[in-house]
Amino acid sequence: MTLAIPSVKKAVGEWGARIARNTGATLLLLLAGLVPMAMAQAQIQADKKEPEQIRIGFQKSAVNLVILKQRNTLEQRFKNSKIVWLEFPAGPQLLEALSAGSLDFGLTGDSPPVFAQAANKDLLYVGAEPPKPNSSAILVQAASQIHKLADLKGKRIAVQKGSSAHFLLVQAVKKAGLTWADIQPIYLAPADARAAFERGSVDAWAIWDPYYGAAELSFKPRVLTNGRGLSNNNSFYLASRAFAENYPGTVLTLLDELTKADQYQLQNRKEVAQLISDISGLNLATVHLFLSRRAAPSPTTVISPEMVADQQRVADSFKEIGLIPRAIKVADIVWQPKPAALARQ
């Protein structure tokens, strides 16, 4: 796998970046006098290390991770590491476990890392998938009198605090010309939010797939808006700082396997839908619906400058309305793999 990473070009120049695509890049850089002997030897050994275990957090929406789990791909790739899988209902809970040292690696939407960084949680962005603006929505009941975003004024809206749907709701309120104080956010996890929405305890529900797709097919709510023009609904892979710094080659291998998993689901959609249904309990119709809303293809890459800028807009939006306690700089926690780690790919 070849990864075009700006930090590599900055570190060793265009020539060094070309070398870094080949096995043994660190040795060649050493011969060229660009890497000191001791540093080169230490980096080569460090990047060959594999952890005793890799603890991975996933959600029902984490298609590529679910494929890897169900097909035992990582167990075969990392024969000397124990792979531990832990499921979470949403990104905030997953990142809490990551920052507490109970996880090494996991996938969330755009908002959870912002809240985590603002709370001084020590984690790193290590990878990302392409935007999925169609995969989140604000739902209302079919007979609701809410027909445009401005109608949300004064309404009770269920949302998982710190989730990607939270940012979608922030953007929708802003587009409507309202302030955050004009609505009544009701912070609930997805299962509780659905129950509240169905019994009429809330007027609207901001949610993401597959919960969005399951509700859409089950009781036919009306989509007030999805993410198009409001939120890119980016998905990010995060790791603990210790894991990324101690096992950079492992992180890059995980990104590689995630891209391969995406390619597999494009070529084997029926099989993958069944795998996801088996692990999630979702019916096949729901799985096919939310798979259809993903970008195709959806390779996993390291974080690009464009993604950093997009994520900074998310952070600034939350700070502007006082939902995070301090301003943050997203770039401060974006992982920059070293050339020697890249040489293993």
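Since we're looking at a predicted model, the values are computed, not measured.
Cluster annotation: L258 and F236 are assigned to the same hydrophobic cluster (Ile/Leu/Val/Met/Phe/Trp/Tyr, side-chain heavy-atom contacts under 4.5 Å, transitive). Taken together through direct or relayed side-chain contacts under 4.5 Å among Ile, Leu, Val, Met, Phe, Trp and Tyr, I186 and L323 form parts of separate hydrophobic clusters. L266 and V66 are not part of a single hydrophobic cluster, where members link through side-chain heavy atoms under 4.5 Å apart. Hydrophobic clustering, with ILVMFWY side chains joined whenever heavy atoms are under 4.5 angstrom apart, groups V84 together with I279. I324 and F167 fall within a single hydrophobic cluster, where Ile, Leu, Val, Met, Phe, Trp and Tyr side chains are chained together by heavy-atom contacts under 4.5 Å.
Counting all heavy atoms, side chain and backbone alike, L255 lies closest to T300 at CD2-CG2, 3.7 Å. When every heavy atom of A116 is checked against every heavy atom of L123, the shortest pair comes out as CB-CD2, 4.0 Å. Closest of all the heavy-atom pairs between P113 and L95 is N-CD1, 3.4 Å. Pairing each heavy atom of S164 with each of P112, the nearest pair is N-CD, 4.2 Å. Of all the heavy atoms in A295 and K132, the pair that sits closest is N-CG, 4.4 Å. Minimum interatomic distance between L230 and N226 (heavy atoms only, all atoms of both residues): CD1-O, 3.7 Å.
Residue K155 qualifies as enclosed at atom NZ: its count of foreign heavy atoms under 6.0 Å is above 12. Atom NZ of K161 is surrounded by 12 or fewer heavy atoms from other residues, nucleotides or ligands within 6.0 Å.
Rounding to the nearest 0.5 Å places CG of L178 at 9.5 Å from CG of D151. To the nearest 0.5 angstrom, F88 atom CZ is 10.0 Å from E96 atom CD. Note that the CD1 atom of I157 and the OH atom of Y187 stand 10.0 Å from one another [nearest 0.5 Å]. Considering CG of N64 and CD of Q263, their distance stands at 9.5 Å, rounded to 0.5 Å. Atoms NZ and CG, from K174 and L149 in turn, are 13.5 Å apart once rounded to the nearest 0.5 Å. The structure places CG of L98 at 5.5 Å from CG of L103, a figure rounded to the nearest 0.5 Å.
Looking at Q312, its side chain does come within 3.5 Å of a backbone N or O of I328 through a donor-acceptor pair. Side chain of Q59 to backbone of E87: no donor-acceptor contact under 3.5 angstrom is found. Within the 3.5 Å criterion, the main-chain N or O of L188 finds no donor-acceptor partner in the side chain of D192. For the pair D310 (side chain) and E306 (backbone), a donor-acceptor distance under 3.5 Å is absent. The backbone N or O of K121 sits nowhere less than 3.5 Å from a side-chain atom of S99 that would complete a donor-acceptor pair. A donor-acceptor pair is defined here as one N or O able to donate and one able to accept, closer than 3.5 Å; such a pair exists between the side chain of D209 and the backbone of G213. Here the side chain of Q76 pairs a donor or acceptor atom with the backbone of N72 at under 3.5 angstrom. Judged by distance alone, the side chain of S280 and the main-chain N or O of I276 form a donor-acceptor pair under 3.5 Å. Of the possible donor and acceptor atoms, one in the side chain of D182 sits under 3.5 Å from a partner among the backbone N and O of T179. Although no hydrogens or angles enter the test, the distance criterion places a donor-acceptor pair under 3.5 Å between the side chain of D262 and the main chain of S298.
Using a 4.5 Å heavy-atom cutoff, the side chains of L169 and I183 are in contact. Looking at heavy atoms from C-beta onward, Q311 lies out of side-chain contact with Q117 at the 4.5 angstrom threshold. Looking only at side-chain heavy atoms (C-beta outward), P130 and P299 come within less than 4.5 Å of each other. Considering only heavy atoms from C-beta on, R241 comes within 4.5 Å of I333 through its side chain. Q53 has its side chain within reach of R55: a pair of non-hydrogen atoms, C-beta onward, lies under 4.5 Å apart. You'll find the side chain of R269 reaches within 4.5 Å of the side chain of L291, heavy atoms only. Side-chain contact between R77 and E257 is present, with heavy atoms from C-beta onward closer than 4.5 Å. Contact of the P337 side chain with the P248 side chain is not registered, since no non-hydrogen atoms from C-beta on lie closer than 4.5 Å.
Aromatic ring centres of F105 and Y237 lie closer together than 6.0 Å.
Taking the ring axis of Y264 as reference, the NZ or CZ atom of R71 stays within 45° of it and closer than 6.0 Å to the ring centre. For the pair K49 and Y247, the cation-pi criterion (under 6.0 Å, within 45° of the ring axis) is fulfilled. Geometrically, R194 does not engage F219 in a cation-pi contact defined by less than 6.0 Å to the ring centre and at most 45° from the axis.
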Query raised in the report: Which is it for T286 and Y211 under the side chain to side chain contact (heavy atoms under 4.5 Å, CB included) test, yes or no, and what are the steps along the way?
Result: CA-CA 9 Å; T286 297; Y211 305 105; over 6 Å; no
**Report entry** Step-by-step salt bridge (charged side-chain N to carboxylate O under 4.0 Å, His left out) determination, R293 to E216
**Finding:** CA-CA 13 Å; R293 292 198 273 238; E216 196 173 16; 2.9 Å; yes
**Report entry** Verdict with reasoning, E52 to K82, per side chain to side chain contact (heavy atoms under 4.5 Å, CB included)
**Finding:** CA-CA 6 Å; E52 291 184 4; K82 179 182 179 181; over 6 Å; no
Report task. Please test R313 against N232 for side chain to side chain donor-acceptor pair (under 3.5 Å), starting from the C-alpha separation and ending with a verdict. Result -> CA-CA 11 Å; R313 286 188 285 271; N232 279 335; over 6 Å; no
**Report entry** Verdict with supporting geometry, F58 and K69, side chain to side chain contact (heavy atoms under 4.5 Å, CB included)
**Finding:** CA-CA 10 Å; F58 71 99; K69 180 182 187 301; 3.9 Å; yes
Report task. List the steps, then state whether side chain to side chain contact (heavy atoms under 4.5 Å, CB included) holds for S136 with Y212. Result -> CA-CA 7 Å; S136 61; Y212 163 27; 5.6 Å; no
Report task. Could you give me the CA-CA distance, side-chain angles and deciding distance for D110 and N233, then say whether side chain to side chain donor-acceptor pair (under 3.5 Å) is met? Result -> CA-CA 6 Å; D110 50 18; N233 195 31; over 6 Å; no
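Between F197 and W205, the ring planes lie tilted relative to each other; the angle falls in the 30° to 60° range.
Results of the side-chain hydrogen bond (donor to acceptor under 3.5 Å, both in side chains) test with D203 over Q184, R156, Q145, Q141 single out R156 as the only residue that passes.
Between E50 and K79 no salt bridge is recorded (no basic side-chain N to carboxylate O distance below 4.0 Å).
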